[in-house]
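Side chains included, hydrogens not; waters and symmetry mates left out as well; all remaining heavy atoms used. Each ligand, and each atom within it, is numbered from 1 in the order the structure gives. The shown structure was predicted, so the numbers you read here are calculated from the model rather than taken from an experiment.
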Amino acid sequence: MKLAGKKALVTGASRGIGRGIALAFAAEGADVAVGYRREKHAAEETVQAIQAKGRRGFAYAADVRDAAAVRAMVHSAHADLGGLDIVVANAGVPTRFQPLHEVEPSYWQRVLEIDLHGVFHTVHAALPLLRAQQSGVILTISSVAADICGANGGPYVAAKAGVNALTKVIARENAALNVRCNVIAPGLIKTDIADGMLEFHGDDLVKSIPLQRMGTPEECAQLAVYLASDDASWITGKVFRIDGGAW
Ligand code: NAP
């Protein structure tokens, strides 16, 4: 039980990697608040799975583009859980595959608002609580796309590179108050996002991964458990790539 008694909020936990992290946290003894945008039924299923592990779970709808809604979610989670120790800013969307000169400015804005500003809104709402108690862990989820900088992914690459940089700033600004902040940067993980990428790129994408398969949300979640736990007590401001050797 690496997270016994801890209280965690995971955004985008109705599905995919966020769901995997929420369930792994519960399996390690944490109570978990589940953030989602519109898949209420899926979020409630995550909550039921948390409860089946003997932990408390709550679900909150909040679009991470909406600063006020995110603030309300963070404060509701803090009140319902009776505290907040771990915040995972995971919610995100993929990008359409197109060269930058074809990207509509409104589409660029949409991706940046969810994948970068959404992380800012989540961390911004949680930091005063963590700083006041002088303890806490923040995990952000970026992507190895930020390192690979592949063609046709401009808005996503820029947003995720922004998440990497922002996380390092947050780590420096809050380390003296015992708040740690690290990035998990996944490669291709078997979720709805990966299904979309495979449709576009075909199976060659999987063959290009040295370990010859996609990762799973559960594998990402084990890294998140480690980074959220006291085992990682001297680790902050780092980007952890989990990608089967792809980058
Ligand atoms: P997913 O299965 O599509 O799940 C996305 C989650 O984010 C859902 O819970 C969704 O909520 C939520 N979400 C989406 N837009 C939101 C918004 N505007 N406000 C609040 N919540 C929102 O995605 P995933 O593959 O697990 O990805 C999770 C994170 O990992 C993302 O940041 C993604 O960029 C990153 N990542 C994924 C991969 C991969 O291969 N899968 C690789 C690298 C990085 P609803 O269910 O309510 O829609």
Exercise. What protein heavy atom sits nearest atom 13 (N) of ligand 1, and how far away is it?
Worked result: Ala91 CB, 4.0 Å

Exercise. Between the side chain of Thr46 and the main-chain N/O of Ala13, is any donor-acceptor distance below 3.5 Å?
Worked result: yes

Indicate every side-chain donor-acceptor pair of residues 83-104 with a distance under 3.5 Å to a residue at least two apart or in another chain.
{"residue": "Asp85", "atom": "OD2", "partner": "Lys7", "partner atom": "N", "Å": "2.8"}
{"residue": "Asn90", "atom": "ND2", "partner": "Thr11", "partner atom": "O", "Å": "3.0"}
{"residue": "Asn90", "atom": "ND2", "partner": "Gly12", "partner atom": "O", "Å": "3.1"}

For this session: Check each atom of ligand 1 against the heavy atoms of Gly92 and keep those under 4.0 Å away; list them by number with element.
Result: 5 (C), 7 (O), 14 (C), 31 (C), 32 (O)

Problem set entry | Val64 N/O under 3.5 Å from ligand 1 N/O | yes

Exercise. Which of the atoms in ligand 1, numbered in the order shown and given with their element, are less than 4.0 Å from a heavy-atom of Ala13?
Worked result: 9 (O)

For this session: Kindly check if the number of other-residue, nucleotide or ligand heavy atoms within 6.0 Å of NE2 (His124) is above 12?
Result: no

Problem set entry | Nitrogen or oxygen of Val93 less than 3.5 angstrom from that of ligand 1 | no

Seminar exercise, completed: Numbered in order shown, the ligand 1 atoms found under 4.0 Å of a heavy atom of Gly16 are 2 (O), 26 (O)

Problem set entry | Which of the ligand 1 atoms, numbered from 1, are nearer than 4.0 Å to a heavy atom of Glu39 | 45 (P), 46 (O), 47 (O), 48 (O)

For residues 188-199, tabulate all N or O donor-acceptor pairs below 3.5 Å that involve a side-chain atom, not counting sequence neighbours.
{"residue": "Thr191", "atom": "OG1", "partner": "Ile193", "partner atom": "N", "Å": "3.2"}
{"residue": "Asp192", "atom": "OD2", "partner": "Arg15", "partner atom": "NH1", "Å": "2.6"}

Exercise. Do the side chain of Asn182 and the main chain of Ile235 share a donor and acceptor less than 3.5 angstrom apart?
Worked result: yes

Exercise. Would you call Ala61 a ligand 1 contact, heavy-atom distance under 4.0 Å?
Worked result: no

Problem set entry | Close-contact set for ligand 1 against Ile17 heavy atoms, below 4.0 Å | 26 (O), 30 (O), 37 (C)

Exercise. Closest non-hydrogen protein atom to atom 11 (O) of ligand 1, residue and atom name please, with distance?
Worked result: Ser14 OG, 3.4 Å

Problem set entry | atom 41 (N) of ligand 1 - nearest protein heavy atom and its distance | Thr191 OG1, 2.9 Å

Exercise. Backbone N or O of Leu3 within a donor-acceptor pair of the Glu28 side chain at under 3.5 Å?
Worked result: no

For this session: Give the minimum heavy-atom separation between Asn164 and Ser142, together with the two atoms involved.
Result: OD1-OG, 2.6 Å

Problem set entry | Protein residue, atom and distance nearest to atom 18 (N) of ligand 1, heavy-atom basis | Asp63 OD1, 2.9 Å

Exercise. What's the shortest heavy-atom distance between Gln212 and Lys207, and which atoms?
Worked result: NE2-O, 3.1 Å

Seminar exercise, completed: Nearest heavy-atom approach of Tyr60 to Ala77 is OH-CA, 3.5 Å

Exercise. Any N or O of Asp115 that comes nearer than 3.5 Å to an N or O of ligand 1?
Worked result: no

Exercise. Checking Arg180 side chain against Leu227 main chain: does a donor-acceptor pair fall under 3.5 Å?
Worked result: yes

For this session: Decide whether the shortest distance between a heavy atom of Asn90 and an atom of ligand 1 is less than 4.0 Å.
Result: yes

Problem set entry | Sub-4.0 Å atoms of ligand 1 with respect to non-hydrogen atoms of Lys160 | 31 (C), 32 (O), 33 (C), 34 (O)

Exercise. For Gly29, does its backbone N or O pair with a side-chain atom of Lys53 as donor and acceptor, under 3.5 Å?
Worked result: no

Seminar exercise, completed: Per-atom filter on ligand 1: closer than 4.0 angstrom to a heavy atom of Tyr156 are 33 (C), 34 (O), 35 (C), 36 (N), 43 (C), 44 (C)

For this session: Please identify which atoms of ligand 1 are closer than 4.0 Å to at least one heavy atom of Ala62.
Result: 19 (N), 20 (C)

For this session: Return a yes/no value for Ser143: is any of its N or O atoms, backbone included, closer than 3.5 angstrom to an N or O of ligand 1?
Result: no

Problem set entry | Check: Pro186 N/O within less than 3.5 Å of ligand 1 N/O | no

Exercise. To the nearest 0.5 Å, how far apart are CD in Glu44 and CD in Gln48?
Worked result: 7.0 Å

Problem set entry | Proximal candidate to atom 7 (O) of ligand 1 [heavy atom criterion; set Gly118, Gly12, Ala59] | Gly12

For this session: Could you see which bit of Ser142 sits under 4.0 Å from ligand 1, with heavy atoms only: side chain, backbone, both or neither?
Result: backbone

Exercise. Which heavy atom of the protein is the closest neighbour of atom 27 (O) of ligand 1, given with residue, atom name and distance?
Worked result: Ile193 CD1, 3.6 Å

Exercise. Identify the closest protein heavy atom to atom 38 (C) of ligand 1: which residue and atom is it, and at what distance?
Worked result: Gly187 O, 3.8 Å

Exercise. Counting distance only, does the side-chain N/O of Arg56 pair as donor-acceptor with the main-chain N or O of Leu81 below 3.5 Å?
Worked result: yes

Seminar exercise, completed: Looking only at protein heavy atoms, what sits closest to atom 10 (C) of ligand 1 is Arg15 NH2, 3.6 Å

Seminar exercise, completed: atom 40 (O) of ligand 1 sits nearest the protein heavy atom Ile189 N, 2.9 Å

Problem set entry | Residue pair Ser14 / Val34: nearest heavy atoms and the distance that separates them | N-CG1, 4.1 Å

Exercise. Using a distance-only test with no angle check, is there a side-chain donor-acceptor pair under 3.5 angstrom linking Arg65 and His121?
Worked result: no

